Amino acid sequence: MSGNQQQVEFWNGAAGDVWVSAQAQLDSALAPLSELVIEAANVVEGERVIDVGCGCGSTTIAMAQRGARVWGVDVSAAMLAKAKERASGLSNITFSETDAATQHYSADHQLIFSRFGVMFFADPVAAFVNLREGLTNEGRLLFVCWQAAIKNDWIMVAGRAVQPFLSASDAIDPNAPGPFAFADSDRIHSILNQSGYADIDISSVTPSLTMGQDLDEAIRLQAQIGPVARVIAELEDDKKGEAIAAARMALGEHQSSTGINLGAAAWIVSAHKQ
Ligand SMILES: C[S@@+](CC[C@H](N)C(=O)[O-])C[C@H]1O[C@@H](n2cnc3c(N)ncnc32)[C@H](O)[C@@H]1O
């Protein structure tokens, strides 16, 4: 298996199905980060934008509603189908099922944008070099990605609770393609620098995310992503129940009148074509 094929399969399997079925809850959880990055994008009427790894289309739609002409590219057929359904009626959106790392782009886009869609490339430098081809000379790059998992309570609170139930796995390469592959800001800087970008700015944002309106909603989502999902896949029924109860108790400590609110840490990264 070569290139991004592993990710293509991953996002056309259970991961894509989870993002489609939990789209509203995930969008609501990610709203504070979305608002920050959409505000930073500050797109204007008629601007041409590529939304990399656009998924179910939330940010594609948000920028199109501000008048930009947005091209959402993604490898997940299921997520794109959801995106198309949600964007029907907006004539300034196009979607393509394609690998963003190798898709040919004409150099007439003012912005390459992504909300959590650029951490999955097998060869990030080659991917960012290719994306740069799509920018005008004054074009800009803007994306949001996660800082280290350890700084993200939205995944770690339940993760720590189920840790004792998980089998010891081989050490994971922290730079391997995946949601936390861009945790190290020096690595992001180096990748973008090598890919021909200048004026690189990497800013930390640490909002609180509402992972569910109540405990049932929060645990339903956690059961489909990250360590709790792994526990469910790996354990026998009785141990599974114990692990989920532990996760439930840990999440319950974060219940407030506004829902289950947990800390997050992300980078907002911006750069210009060199
Ligand atoms: C964490 S999801 C984020 C989706 C969306 N941007 C959002 O914020 O809702 C990551 C997305 O990146 C897409 N993706 C992963 N590798 C890709 C690639 N090489 N080319 C295009 N899309 C890719 C996945 O299919 C998935 O939709």
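Since we're looking at a predicted model, the values are computed, not measured. Whatever order the structure lists them in is the order used to number ligands and atoms, beginning at 1.
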What atoms in ligand 1 come closer than 4.0 Å to a heavy atom of [X]?
{"X": "T98", "value": "20 (N), 21 (C)"}
{"X": "D99", "value": "18 (C), 19 (N), 20 (N)"}
{"X": "F121", "value": "18 (C), 19 (N)"}
{"X": "R115", "value": "3 (C), 5 (C), 6 (N), 7 (C), 8 (O), 9 (O)"}
{"X": "M79", "value": "26 (C), 27 (O)"}
{"X": "A100", "value": "18 (C), 20 (N), 21 (C)"}
{"X": "N4", "value": "19 (N)"}
{"X": "S76", "value": "25 (O)"}

Selection from F116, W146, F10 by shortest heavy-atom distance to atom 10 (C) of ligand 1: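 Checking each option, the heavy atom nearest atom 10 (C) of ligand 1 is found in F116.
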
Starting from [atom], what is the nearest protein heavy atom, named by residue and atom, and what distance separates them?
{"atom": "atom 27 (O) of ligand 1", "result": "D74 OD2, 2.7 Å"}
{"atom": "atom 16 (N) of ligand 1", "result": "F120 CB, 3.7 Å"}
{"atom": "atom 17 (C) of ligand 1", "result": "V75 CG2, 3.9 Å"}
{"atom": "atom 5 (C) of ligand 1", "result": "G53 O, 3.3 Å"}

Of all residues at least two apart in sequence or in a different chain, which pass the side-chain hydrogen bond (donor to acceptor under 3.5 Å, both in side chains) check with D216?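 Once residues adjacent in sequence are excluded, the partners of D216 under the side-chain hydrogen bond (donor to acceptor under 3.5 Å, both in side chains) criterion are R248.
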
Give yes if a backbone or side-chain nitrogen or oxygen of Q7 is under 3.5 Å from a nitrogen or oxygen of ligand 1, and no if not.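 No; every N/O pair is 3.5 Å or more apart.
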
Between W146 and F182, is the ring centroid distance below 6.0 Å?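 They do not qualify: ring centres at least 6.0 Å apart.
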
For [Y], is there any backbone N or O sitting under 3.5 Å from a side-chain donor or acceptor partner on [X]?
{"X": "N12", "Y": "V75", "result": "yes"}
{"X": "N4", "Y": "A101", "result": "no"}
{"X": "Q255", "Y": "L251", "result": "no"}
{"X": "D74", "Y": "G55", "result": "yes"}

Which residues pass the ring-ring contact (aromatic ring centres under 6.0 Å, His included) test with Y105, sequence neighbours left out?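 Y105 satisfies ring-ring contact (aromatic ring centres under 6.0 Å, His included) with W71 once adjacent residues are dropped.
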
Examine ligand 1 and decide if any of its atoms is less than 4.0 Å from a heavy atom belonging to S58.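 No, S58 has no heavy atom closer than 4.0 Å to ligand 1.
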
Any chance you could measure D51, atom CG, to I61, atom CD1, to the nearest 0.5 Å?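 Result: 10.0 Å between the selected atoms.
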
Report yes if the side chains of F128 and V118 come closer than 4.5 Å at any heavy-atom pair, otherwise no.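 Yes. Closest side-chain heavy atoms under 4.5 Å.
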
Is the CG atom of L90 crowded by more than 12 outside heavy atoms at less than 6.0 Å?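 Correct, the count exceeds 12.
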
